[in-house]
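Everything below concerns the one structure shown next.
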Amino acid sequence: MVRVAPSLLSADFARLAEDIQSVKSAGADWLHYDVMDGHFVPNISMGIPVLKSVRQCTDMFLDVHLMITEPVKYVRQFCEAGADLVNVHVEADTQEKILEALDAVRACGRKTGVTIKPKTPWEAVLPFLDRVDLILVMTVEPGFGGQKFMHEQLEKVRALRSLVAENGKQIFIETDGGVDAVTGKLCIEAGADVLVAGSAVFGAADRVDTIRRIRAEL
Ligand code: DX5
Ligand code: ZN
């Protein structure tokens with residue numbers, strides 16, 4: 001089953017509750033919540049208090065993507081604020097500290113994810129394979145919504161899908177950045193089963209139709 005996770009980065013922040021309700025009723029599976037610290041990426045988005053408010057207004061699965069340095073310092077707070085899954089970038093700290101961050105998320109009873117930037121090889125996830133429920137392959141440079149999909153990242157999705165299948169592991173493979181109905185189909189063919197889409201969903205006149213198309217149902 002392919003899941004579509006609209007990214008709240010493209011929602012109207014003054015009307016988050018309405019936008020969340022809108023994508024939920026349009027058939028979205030998860031919500032993707034982008035956290036940027038102005039340091040790991042050259043942009044600042046939203047953090048822990050807004051996540052708490054989002055948690056209070058929806059029961060949807062919250063997939064939190066931390067684009068922050070030293071995530072181990074904050075993962076517990078994001079879990080307490082209502083994250084169902086916390087994604088940390090492998091580039092955001094040492095291997096030891098990333099492992100510690102993943103363990104902290106697990107200890108809070110939440111799902112774990114590791115994320116790789118476009119220039120990071122897929123092999124960078126290997127040290128974390130035993131501790132993750134999801135691997136996120138960025139298909140744009142993290143930091144901004146509305147960028148162009150990087151087709152060459154699909155090779156990494158393919159490689160990771162084979163790896164996960166060979167090891168018999170139950171690990172989601174997610175793509176994020178520039179995903180729409182056309183590129184979403186390519187992601188699914190390459191083996192992704194969670195598709196993040198920001199501008200494609202929130203910018204669409206017909207969100208029901210768009211989510212179905214991204215899921216390659218139409
Ligand atoms: C980018 C974020 C994405 C972003 C995707 O750094 O991680 O989740 O919101 O936006 P679109 O789908 O517009 O590329
Ligand atoms: Zn994201």
Test V105 against every option in N87, V86, V88 by the side chain to side chain contact (heavy atoms under 4.5 Å, CB included) rule and name the one that passes. V86
Is the NE2 atom of H39 crowded by more than 12 outside heavy atoms at less than 6.0 Å? no
With a 4.0 Å cut-off on N to O distance, would you call D19 and R207 a salt bridge? yes
Locate the shortest heavy-atom distance separating V72 from E100; write the atom from each residue and the value. CG2-OE2, 3.6 Å
Salt bridge (charged side-chain N to carboxylate O under 4.0 Å, His left out) for R110 and D133? Distances and angles first, verdict last. CA-CA 10 Å; R110 308 304 153 95; D133 301 293; over 6 Å; no
Can you see which heavy atom on C187 is nearest to which on V157, and at what distance? O-CG1, 4.2 Å
Please test M67 against D34 for side chain to side chain contact (heavy atoms under 4.5 Å, CB included), starting from the C-alpha separation and ending with a verdict. CA-CA 7 Å; M67 287 165 273; D34 288 303; 3.2 Å; yes
SB check D84 K111 (cutoff 4.0 Å): no
Looking at K119 and E141, is there a salt bridge between them, counting it only when a charged N and a carboxylate O are closer than 4.0 Å? yes
Between R213 and D180, does any side-chain N to carboxylate O distance fall below 4.0 Å? no
All heavy atoms of T175 vs all of V179, minimum pair found to be OG1-CG2, 4.0 Å
Under a 3.5 Å threshold, yes or no: a donor from one side chain and an acceptor from the other, between H65 and D63? no
Find out if a path of hydrophobic residues (ILVMFWY) with successive side-chain heavy-atom gaps under 4.5 Å connects Y33 to V194. no
Path from V125 to L85 over hydrophobic side-chain contacts below 4.5 Å: no
Are E91 and T120 linked by a side-chain donor-acceptor pair shorter than 3.5 Å? yes
If two hydrophobic side chains count as joined below 4.5 Å and joins carry through other members, does L99 share a cluster with V75? yes
Return yes if some donor-acceptor pair links the side-chain N/O of T139 with the main-chain N/O of F149 below 3.5 Å, else return no. no
